[in-house]
Amino acid sequence: MPLSPRPGRGSSLEGGADQRLFEHIARELEDKGYCLYTGGLSDQLDYILAGQLPEFPARDFRPARIGREKTRQKNTSIRRDEISWITGERPAGRAWLDWADELRLYLNCRLFLGLTSFESHYARYGEGDFYRRHLDAFPGEANRVLSLVAYLNHDWAPGDGGEIILYPDAAAPVATAPAFGTLAIFLAEEMPHEVLPCRTERLSIAGWFRVRPLETPLL
Ligand SMILES: O=C(O)CCC(=O)C(=O)O
Ligand SMILES: [Fe+2]
């Protein structure tokens, strides 16, 4: 399915509706170190995210691992999802990477973050799957700086589990259901978080803005 900008509505590359969302994210990051956004998507982002579902690549999912490069390992007591890296070869994935790049440039201007790249994968949690409390980056490694998760689950019900819980340093934990249109953005080195066990399939895209390019290929 081709996924070019929605006809007649303007590309997000031209700026527009998403600028308000970008500014909201910047403010929340400044204030709290995270943003859990449930405020409604622009037409463009709604279209981009809805476009991922038909492309959800059924065959190249593989069990997620923890750690990076030499220390990478599968550990199903910590993490049970399956992932598929987004390479940008397919139109929906490309549109998502382009959108994330606009956000990267905005946040660089606004918060001087110096983000240089973005890596992202689809994630599929099956019934009973979870991701225990963790950080997305080891402090001081100057690697993954900002995490971005977009949820793709229409009709997510309260009993379906799968909430993401953020654990801010100086405030009570916050939980959000992985409903379609919700975005979670948080500082990767500073925000412990977890995914509670799911009672049904849970689809998402997770990505990380980095301050230096990948040294080894994605596995
Ligand atoms: O899917 C989520 O809500 C968060 C996933 C996550 O923490 C990760 O992939 O590192
Ligand atoms: Fe994480």
Value for CD1 (I164) from OG (S204), rounded to nearest 0.5 Å, stands at 9.0 Å

query = If we only count heavy atoms from C-beta on, is the W85 to E119 side-chain gap below 4.5 Å?
reply = yes

request  = Start with the C-alpha gap between E190 and Y34, add the side-chain angles, then the distance that decides, and say whether side-chain hydrogen bond (donor to acceptor under 3.5 Å, both in side chains) holds.
outcome  = CA-CA 10 Å; E190 287 170 29; Y34 71 88; over 6 Å; no

### Message
I'd like to check Y151 versus R202 (side-chain heavy atoms, cut-off strictly below 4.5 Å). Are they in contact?
### Response
yes

For this session: Answer whether the closest heavy-atom distance between the side chains of Y125 and V195 falls below 4.5 Å.
Result: yes

Point to revise | Audit row: D18, W99, side chain to side chain contact (heavy atoms under 4.5 Å, CB included) steps and yes/no | key: CA-CA 9 Å; D18 287 330; W99 186 87; 3.0 Å; yes

message = Is there a side-chain contact between H24 and C35 in this structure, where contact means two heavy atoms from C-beta onward sitting under 4.5 Å apart?
response = yes

**Request:** Look at D60 together with R62 and state whether they make a salt bridge at an N to O cut-off of under 4.0 Å.
**Result:** no

Separation between CD1 (I83) and CD1 (I205), nearest 0.5 Å, reads 13.0 Å

Using distance alone, with no hydrogens and no angle criterion, decide if E194 and Y167 have a side-chain donor and acceptor under 3.5 Å apart.
yes

Closest non-hydrogen contact found for P173 with P168 is CA-CD, 4.1 Å

Scanning both residues in full, the closest heavy-atom pair of I165 with A175 reads CD1-CB, 3.5 Å

> Is the shortest heavy-atom distance from the side chain of L21 to the side chain of L183 under 4.5 Å?
Replying inline: yes

Shortest non-hydrogen pair, F209 vs A100, comes out as CE2-O, 3.3 Å

Between T87 and R94 the two heavy atoms that sit nearest each other are O-NH1, 4.5 Å

| query | Is there a donor-acceptor pair closer than 3.5 Å between any side-chain N or O of W156 and the backbone N or O of G161? | reply | yes

Consider only side-chain heavy atoms of I, L, V, M, F, W and Y, link residues closer than 4.5 Å, and tell whether F22 and L45 are in one cluster.
yes

Taking every heavy atom of V211 against every heavy atom of G114, the minimum-distance pair comes out as CG1-O, 3.6 Å

In short, G128 meets P197 closest at the heavy-atom pair O-CB, 4.4 Å

(request) Check whether any side-chain heavy atom of F186 lies under 4.5 Å from a side-chain heavy atom of K32, and answer yes or no. (result) no

- More than 12 heavy atoms from other groups under 6.0 Å of CG on D155: no

Rounding to 0.5 Å, atoms OG (S77) and CZ (F130) come to a distance of 7.0 Å

Between L135 and E189, is the side chain to side chain contact (heavy atoms under 4.5 Å, CB included) condition met? List the steps. CA-CA 6 Å; L135 285 172; E189 293 181 352; over 6 Å; no

Output for pair (L107 CG, E23 CD), nearest 0.5 Å, gives 9.5 Å

Would you find more than 12 non-hydrogen atoms of other residues, nucleotides or ligands less than 6.0 Å from R133 atom CZ? yes

ILVMFWY cluster, Y131 and M191 together (side-chain gap under 4.5 Å): no

Under 3.5 Å: donor-acceptor pair, side chain of N153, backbone of L203:
yes

So does L115 get a backbone contact from the side chain of N108, meaning a donor-acceptor N/O pair under 3.5 Å? yes

* To do: Indicate if L187 and F118 have the same hydrophobic cluster label, given that clusters are the connected sets of ILVMFWY residues with side-chain heavy-atom separations under 4.5 angstrom.
  => yes

key: R20 side chain near S42 side chain, heavy-atom distance below 4.5 Å   = no

Quick check against the 3.5 Å criterion: does T116 have a side-chain atom that pairs as donor or acceptor with the backbone of R210? yes

Other residues, nucleotides and ligands only: do more than 12 of their heavy atoms fall within 6.0 Å of CD on E127? no

Closer than 3.5 angstrom, by distance alone: can the side chain of S147 be matched with the main-chain N or O of I185 as a donor-acceptor pair? no

Tell me yes or no: between the side chains of D160 and T200, is some donor less than 3.5 Å from an acceptor? no

One should read off an interatomic distance between I86 CD1 and E55 CD, to the nearest 0.5 angstrom, of 9.0 Å

Is there a path of hydrophobic side-chain contacts, each under 4.5 Å between heavy atoms, that joins I48 and V149? no

_Transitive ILVMFWY side-chain link L146 to I25, under 4.5 Å_ = yes

Residue pair D129, E82: steps toward the side chain to side chain contact (heavy atoms under 4.5 Å, CB included) verdict: CA-CA 9 Å; D129 289 351; E82 291 185 323; 5.9 Å; no

Is it true that the NZ or CZ of R124 lies under 6.0 Å from the centre of F61's six-membered ring and within 45 degrees of the ring axis? yes

Original post:
Between F180 and H154, how do the two ring planes meet: parallel, tilted or perpendicular, split at 30° and 60°?
Top reply: parallel

| message | Run the side chain to side chain contact (heavy atoms under 4.5 Å, CB included) test on L152 and L49 for me, step by step, so that the C-alpha distance in whole Å, both residues' side-chain angles and the decisive distance to 0.1 Å come before the verdict. | response | CA-CA 7 Å; L152 301 175; L49 291 177; 4.0 Å; yes

Check your understanding: Any donor and acceptor pair, going by atom type alone, linking the side chain of R199 with main-chain N or O of G159 inside 3.5 Å?
Key -> yes

